[in-house]
Amino acid sequence: MRSPPCRTRRRQACTWWRGLCGLLLVLWMAAAQAQVQPVPVLTGRVIDQTGSLPPAAVATLDARLRALEAEKGSQVVVLMVASTQPEDIFSYSNRVANAWKIGRQDVGDGLLIVVAKADRRMRIEVSKTLEGAVTDIASGRIVNEIMAPRFRANDYAGGIEGAVDAVSALIRHEPLPLPAPTAPESGQTRLGELLPFVFFAVFMAMQVLRRVTGSAMVAAATGVSTGLLVGWLMQSWLIGIVAGFVAAFMGLFSRVPVATNSGGWHGGGSGGWSSGGSSRSNSSSGGFRSGGGGSFGGGGASGSW
């Protein structure tokens, strides 16, 4: 039997080497991907994992971004991390932005500002929808002319506020679809926030009337009035009926604290206040959630300071 010619053996060897190199490349990429930092939890419009932003600055930024979202519908999020390693800030920002999907679902008008403090790197990641408003050139100028000088002076809050104001001004000039009106929902929420005070006032009034009249009919009358009031406030008679029953039940089986001769008060509980504990996380929630849009294709700009 004749052995394969020399040229055929070399060709087979080359094929094997190429396959082996391809396999090693795939394994290396998989290992590198497994070591990248996880995507942070989207807890608010401003997420500072470094503790560099004062609470007042976080509140100011959140208010400005909330106003922009209410006016134009676009979602802008600020993320401050210690480092993006082993990824560069471009890959990290693009991965986080696509995972969060900020921006409206049907519009995709999201924008992400990332600051990596220890790496001294920053990036403005722009969704495809906003690339016409916040161009790569405009993003570069914001990074180099607004953020970098303030960051060099350790003024992180000032640099980010300047960037937020600049991108907000650009977005406000973009003819985007108007956001859905939210005024009725906000009004309903504000009315809903009054419910605890309504219950307390009704409860106290009911106890006083019971002591004066000694009649259980007061509880029934209070339940009806409470149901009507809550139903009107919440614009839901079902909730009003439930609230009315709760108020009547409280009136029948509860007792108001009674003053003693010593001037003290007997209550059912300890009456103390407990805090929710301190948290180092400097983020603002405010009920913020991703709009489900935001297709990010690499638009924006990066820089250092």
Side-chain angles (χ1 to χ4, degrees), residues 33 36-50 53 55 57-82 84 87 89-116 122-134 139 142 160-161 163-172 174-186 188-189 279-302:
Q33 185 68 24
V36 299
Q37 298 188 30
V39 174
V41 177
L42 182 60
T43 56
R45 295 176 178 84
V46 183
I47 303 173
D48 177 17
Q49 296 183 341
T50 67
L53 300 178
V58 174
T60 299
L61 288 168
D62 180 78
R64 294 181 183 180
L65 297 177
R66 187 192 301 270
L68 174 67
E69 185 175 342
E71 178 183 348
K72 297 293 293 186
S74 301
Q75 289 186 322
V76 176
V77 175
V78 175
L79 172 62
M80 194 167 182
V81 298
T84 65
E87 287 179 296
I89 196 166
F90 169 80
S91 301
Y92 176 83
S93 301
N94 186 262
R95 183 166 59 89
V96 172
N98 278 303
W100 280 353
K101 296 185 180 301
I102 53 178
R104 287 175 289 180
Q105 186 173 16
D106 299 331
V107 183
D109 48 350
L111 187 144
L112 175 64
I113 299 175
V114 177
V115 178
M122 54 201 158
R123 176 166 178 79
I124 297 177
E125 190 75 25
V126 183
S127 65
K128 294 179 179 177
T129 300
L130 293 180
E131 287 181 355
V134 188
S139 300
I142 294 171
I160 294 175
E161 288 178 6
V164 166
D165 290 344
V167 297
S168 298
L170 294 173
I171 293 174
R172 284 191 168 95
E174 182 73 359
L176 297 169
L178 294 176
T182 58
E185 295 180 1
S186 300
Q188 189 174 357
T189 301
S279 173
R280 186 59 181 158
S281 176
N282 198 4
S283 64
S284 59
S285 57
F288 177 76
R289 290 188 301 178
S290 167
S295 175
F296 292 82
S302 307

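We're numbering straight along the sequence, starting at 1.
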May I ask you to test the V46-L53 pair for a side-chain heavy-atom distance under 4.5 Å?
-> yes
Sub-4.5 Å side-chain heavy-atom contact between Y92 and V81 = yes
Could you give the distance from CD (E69) to CD1 (I102), rounded to the nearest 0.5 Å?
-> 10.0 Å
To the nearest 0.5 Å, what is the distance between CG (N98) and OG (S127)?
-> 10.0 Å
Would a 4.5 Å heavy-atom cut-off, applied to side chains only, mark P177 and R104 as touching?
-> yes
Kindly compute the distance separating CD1 (I113) from CE (M122), expressed to the nearest 0.5 Å.
-> 11.5 Å
Interatomic distance, OG@S295 vs CD@E131, rounded to 0.5 Å, equals 9.0 Å
Under 3.5 Å, is there a donor-acceptor pair between the side chain of E125 and the main chain of F296?
-> no
Distance, nearest 0.5 Å, that separates OG of S139 from CG of L130 = 10.0 Å
Is there side-chain contact between V115 and T50, with at least one heavy-atom pair below 4.5 Å?
-> no
Hey, are the side chains of E87 and Q37 touching, using non-hydrogen atoms and a 4.5 Å cut-off?
-> no
So do the side chains of L65 and V78 get within less than 4.5 Å of each other, counting heavy atoms only?
-> yes
Value for CD1 (I160) from CZ (R64), rounded to nearest 0.5 Å, stands at 12.0 Å
